Amino acid sequence: MTATPANQEVSLGMPQLPAPDYPADVRARLDADAKEVVARYPDSRSALLPLLHLVQSQEGYVTRTGVRFCAETLGLTTAEVTAVSTFYSMYRRKPGGDYQVGVCTNTLCAVMGGDAIFDELKQHLGVGNNETTEDGKVTLEHIECNAACDFAPVVMVNWEFFDDQTPESAKRLVDDLREGRPVRPTRGAPLCTYKETARILAGFPDERPGAVGATGGAGPASLIGLKLAKGEAPQHRVVHPRGEAQQQDGPPHDPSPSEHLSSHDAPQQTSASDPAHPAGPETEEGE
């Protein structure tokens with residue numbers, strides 16, 4: 001075993017002191033709010049997720065004091081609360097900006113321009129993933145699917161949608177946020193700060209005029225399946241059922257390379273029907 005050099009300090013790994021409590025006035029207000037949240041559930045520990053949003057609305061992230069508050073309120077250990085708060089990405093572990101700008105980099109948004117938007121914003125803001133601008137206004141992060149693929153690429157600010165973005169529109173968006181200019185989501189409620197959003201996610205009503213009524217639905221591509229389930233056939237079929245002849249205005253023609261054929265549109269060669277590529281187990285090189 002290698003000995004520790006004489007001039008190197010040795011850490012004894014002393015545990016942290018217990019987290020401090022909230023100031024008395026803050027604690028009293030949070031106790032009243034927490035009592036309202038816990039009353040919604042037959043088992044008090046089921047209130048942990050909204051309580052984490054509640055403490056996040058106080059300081060903008062889940063602090064050790066917030067963890068202590070949740071544990072004491074629900075009769076849990078701080079380890080149990082920490083395990084939950086670090087599992088879900090919507091709970092911050094460090095201070096962040098007033099506006100959480102999330103760029104979807106999942107498959108469809110990525111190929112439609114999400115990766116380019118994220119790279120441009122990192123350079124434009126001078127921050128990396130999960131980092132905050134010096135003025136404390138914007139925290140940038142890449143996020144996974146927002147279930148808004150027919151509006152790709154999508155950027156979210158405090159979980160409100162900004163659809164069909166480009167690198168230029170995304171840069172204008174963050175500039176407006178930093179300068180305090182009015183910003184309106186593509187659909188959904190008007191934008192509010194991250195702390196205000198956290199309180200709404202804790203289950204408290206959004207009392208801003210018109211906020212509840214301002215909503216937005218899914219796009220046409222998302223609604224096709226619902227229409228089919230209701231027996232409402234779309235105007236144009238994308239895929240023709242097997243055995244149904246395709247109606248054509250003119251004589252049949254061979255598709256050009258630019259025309260896409262799915263496996264339902266026309267028979268495709270497979271290894272079993274292609275003499276040049278017979279089916280069968282592949283052999284290792286040299287066998």
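Values in this document were obtained by computation on a predicted structure and should not be read as measured data. One-based numbering along the sequence shown.
Between C192 and I200, the shortest heavy-atom distance links the atoms SG-CD1, 4.2 Å. Considering all non-hydrogen atoms of both residues, A47 and V37 come closest at CB-CG1, 4.1 Å. Between T193 and E196, the shortest heavy-atom contact is N-OE1, 2.9 Å. Residues D163 and F161 come closest through the heavy atom pair OD1-CB, 3.7 Å. Of all the heavy atoms in P50 and Y41, the pair that sits closest is CG-OH, 3.5 Å. Contact record, C145 with C104: CA-SG, 4.0 Å, taken as the closest heavy-atom pair.
Between atom NZ of residue K35 and atom OG1 of residue T73 there is a gap of 12.5 Å, rounded to the nearest 0.5 Å. Distance check, rounded to the nearest 0.5 Å: OH of Y61 to NZ of K195 gives 10.0 Å. Rounding to the nearest 0.5 Å gives a distance of 3.5 Å between CG of D175 and NE2 of H124. Atoms CG and OG1, on L52 and T86 in that order, are 10.0 Å from each other to the nearest 0.5 Å.
Between H53 and Y91, the ring planes are tilted. Angles from 30° to 60° get that label.
Within 6.0 Å of CD on Q123 lie no more than 12 heavy atoms contributed by other residues, nucleotides or ligands.
Looking only at side-chain heavy atoms (C-beta outward), L191 and Y99 come within less than 4.5 Å of each other. At a threshold of 4.5 Å between non-hydrogen side-chain atoms, the residues L125 and R178 count as touching. A heavy-atom distance below 4.5 Å is not found between the side chains of Q100 and T197. Contact annotation: the side chain of Y22 approaches that of F69 to within less than 4.5 Å [non-hydrogen atoms, C-beta and beyond]. Using a 4.5 Å heavy-atom cutoff, the side chains of V62 and C70 are not in contact. Put simply, the side chain of S57 does not reach to within 4.5 Å of the side chain of F204, judged on heavy atoms. The side-chain heavy atoms of L173 and F162, taken from C-beta on, include a pair separated by under 4.5 Å. Residues N129 and F118 meet the side-chain proximity criterion, which asks for heavy atoms closer than 4.5 Å.
Among residue pairs with one or both ends in residues 101-122, those qualifying as salt bridge (charged side-chain N to carboxylate O under 4.0 Å, His left out) are D119-K122, E120-K171; sequence neighbours excluded. For residues 101-114, the side-chain hydrogen bond (donor to acceptor under 3.5 Å, both in side chains) pairs, not counting sequence neighbours, are T105-H142, N106-E144.
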Inset, instruction - For V155 and V101, run side chain to side chain contact (heavy atoms under 4.5 Å, CB included): C-alpha distance rounded to whole Å, both residues' side-chain angles, the deciding distance at 0.1 Å, then the answer. - result: CA-CA 7 Å; V155 172; V101 175; 3.9 Å; yes

Legend entry - Chi angles and distances behind the side chain to side chain contact (heavy atoms under 4.5 Å, CB included) call for L74, E80: CA-CA 11 Å; L74 301 177; E80 288 173 315; over 6 Å; no

Legend entry - Trace of the side chain to side chain contact (heavy atoms under 4.5 Å, CB included) decision for T132 with V127: CA-CA 7 Å; T132 304; V127 297; 6.0 Å; no

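Cluster membership check: L76 shares its hydrophobic cluster with L30, using side-chain heavy-atom separations under 4.5 Å among Ile, Leu, Val, Met, Phe, Trp and Tyr. When hydrophobic clusters are built by joining Ile, Leu, Val, Met, Phe, Trp and Tyr residues whose side-chain heavy atoms come closer than 4.5 Å, directly or via intermediates, M90 is not grouped with L54. Taken together through direct or relayed side-chain contacts under 4.5 Å among Ile, Leu, Val, Met, Phe, Trp and Tyr, I143 and L121 form parts of separate hydrophobic clusters. Follow the hydrophobic side-chain contacts under 4.5 Å out from M156 and you never reach I117; the two are in separate clusters. Hydrophobic clustering (ILVMFWY, side-chain heavy atoms < 4.5 Å, transitive): V111 and V103 are in distinct clusters.
Side-chain atoms of N146 do not come within 3.5 Å of backbone N or O of A148 as any donor-acceptor pair. Between the side chain of T139 and the backbone N or O of G97, at least one donor-acceptor pair lies under 3.5 Å. Of the possible donor and acceptor atoms, one in the side chain of R40 sits under 3.5 Å from a partner among the backbone N and O of G203.
Taking 4.0 Å as the cut-off between side-chain N and carboxylate O, R27 and D31 count as a salt-bridged pair. A salt bridge does not link R92 with E141: every distance from a Lys NZ or Arg NE/NH1/NH2 to an Asp or Glu carboxylate oxygen is 4.0 Å or more.
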